[in-house]
Amino acid sequence: MADKKWMPRWFYQLASPRWCYEITGKLLPFFAVAALLLLVAGCVWALAFAPADYQQGNSFRIIYIHVPSSILAQSCYMLMAVAGAIGLIWKMKVADMVAKCCAPIGASVAVLSLATGAIWGKPTWGSWWVWDARLTSMLILFFLYLGIIALNSAIESERTAAQSTAVLALVGLVNIPIIKYSVDWWNTLHQPATFKLTERPAMPAEMWVPLLVMVIGFYCFFAVVMMLRLRNEIIQRERRSGWVRDLIAG
Amino acid sequence: MSFESFADFIDMGGHGLYVWMSYAIALVVIVMNIVNPLMQKRQIFTEQARRLRREKSKS
């Protein structure tokens, strides 16, 4: 590795399962506390203190679950594809593990996004579901997650499973910009994005500040679950190495 | 507070069922995501500890 000086040191440390196990053990409590505080504060704010929407009334409060879960479902997919690519290119074990851990978390938040979307659609559009571009592409995202989980569990060899799921994840990456721009490209019932990088949100601060709290809370929650799963995966795969034996014999 | 009373808060202007159902599903998803890896961790540790004991008794 000495000839690859252009890569920062932490990149190689990250490649060591043992180092990852130790650093995630230190980081976990902070993210757990942050996730708990942000989600509880965000929920109370969202449910009781944010003003009702002048058109949608109180059903609009579903946005505080729907938007964070949708954002997280997509971010999680991108992380899975990037980690899978790193695993493919640099044969980094930890990256393979991260990619594998992303799939079940992403699938569950995609379900949450679809379910809250359907529940919100009923009072707002009068229908649980419409075959509209945004909803359909989100459903495809969920199916991609399921496909990746199934493919991963169908292949015996860890290495081959990681490689095939990484390729599938990378191919499915094309769906992410489709989800993002679906509301601009096609006529749709779905309202446009709440948060944009270049503009201020169209809603007043009393509405979007709690939403931002929820989004950050969901990311912290994701970090917690990711680290919990990753640590299990590390122990499982490194079970024959000395440090894991010592850890288990404790 | 954007509600007059607790009953108002529960009712959510007639949309109570939709709003509370969304938050309940969110709670279930979050709790399941946390509990699942914790149970898996316990299972891995007991399994590996048993394997280690078996190897020790063999040698």
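First the proteins, then the strands, lettered A, B, ... as listed; each starts at 1.
Between chain B and the options A:Ala50, A:Pro123, A:Ser108, A:Cys101, the largest number of non-hydrogen pairs under 4.5 Å is found for A:Pro123.
Of the inter-residue distances, the one linking A:Ser59 atom OG with B:Met12 atom CE reads 10.5 Å to the nearest 0.5 angstrom. Here the straight-line distance linking atom CZ of B:Phe45 with atom CD of A:Gln236 works out to 11.0 Å at 0.5 Å rounding. Rounded to the nearest 0.5 angstrom, A:Ile65 CD1 and B:Ile30 CD1 are separated by 6.5 Å. Annotation: the span from B:Met39 atom CE to A:Asn232 atom CG amounts to 11.5 Å, rounded to 0.5 Å.
In plain terms, the two heavy atoms of A:Ala249 and B:Leu52 that are nearest each other are N-CD1, 4.1 Å. Nearest heavy atoms, B:Ser22 versus A:Ile119: OG-CG2, 3.5 Å. The minimum heavy-atom distance between A:Val225 and B:Ile34, with the atom names listed, is CG2-CD1, 3.9 Å.
Contact annotation: the side chain of B:Phe3 approaches that of A:Asn58 to within less than 4.5 Å [non-hydrogen atoms, C-beta and beyond]. Using a 4.5 Å heavy-atom cutoff, the side chains of B:Lys41 and A:Ile235 are not in contact. The shortest distance between side-chain heavy atoms of B:His15 and A:Arg61 does not fall below 4.5 Å. Using a 4.5 Å heavy-atom threshold, the side chains of A:Thr116 and B:Tyr23 count as separate.
For a residue to count as touching a neighbouring chain, one of its non-hydrogen atoms must lie under 4.5 Å from one of that chain's; by this rule A:Ala35 does not touch chain B. For chain B, the nearby part of A:Phe221 is the side chain; its heavy atoms alone come within less than 4.5 Å. Both the backbone and the side chain of B:Tyr18 come within less than 4.5 Å of a heavy atom in chain A. There is no contact between B:Arg53 and chain A, counting heavy-atom distances below 4.5 Å. When heavy atoms are compared at a cutoff of 4.5 Å, A:Leu39 approaches chain B solely by way of its side chain, counted from C-beta outward. Contacts between A:Ala48 and chain B at a heavy-atom distance below 4.5 Å involve backbone atoms as well as side-chain atoms.
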Derivation of the side chain to side chain contact (heavy atoms under 4.5 Å, CB included) call for A:Arg245 and B:Gln48: CA-CA 8 Å; A:Arg245 284 161 178 268; B:Gln48 293 309 316; over 6 Å; no

Chi angles and distances behind the side chain to side chain contact (heavy atoms under 4.5 Å, CB included) call for B:Phe9, A:Leu47: CA-CA 8 Å; B:Phe9 178 58; A:Leu47 283 168; 4.0 Å; yes

Evaluation steps, side chain to side chain contact (heavy atoms under 4.5 Å, CB included), between B:Asn36 and A:Arg229: CA-CA 9 Å; B:Asn36 192 339; A:Arg229 283 187 176 273; 3.7 Å; yes

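Other residues, nucleotides and ligands place no more than 12 heavy atoms under 6.0 Å from the CD atom of B:Glu4. By the neighbour-count criterion of 12 heavy atoms within 6.0 Å, atom CZ of A:Phe31 is sparsely surrounded, having that number or fewer from other residues, nucleotides or ligands. Environment of CZ in B:Arg42: sparse, with no more than 12 heavy atoms of neighbouring residues, nucleotides or ligands closer than 6.0 Å.
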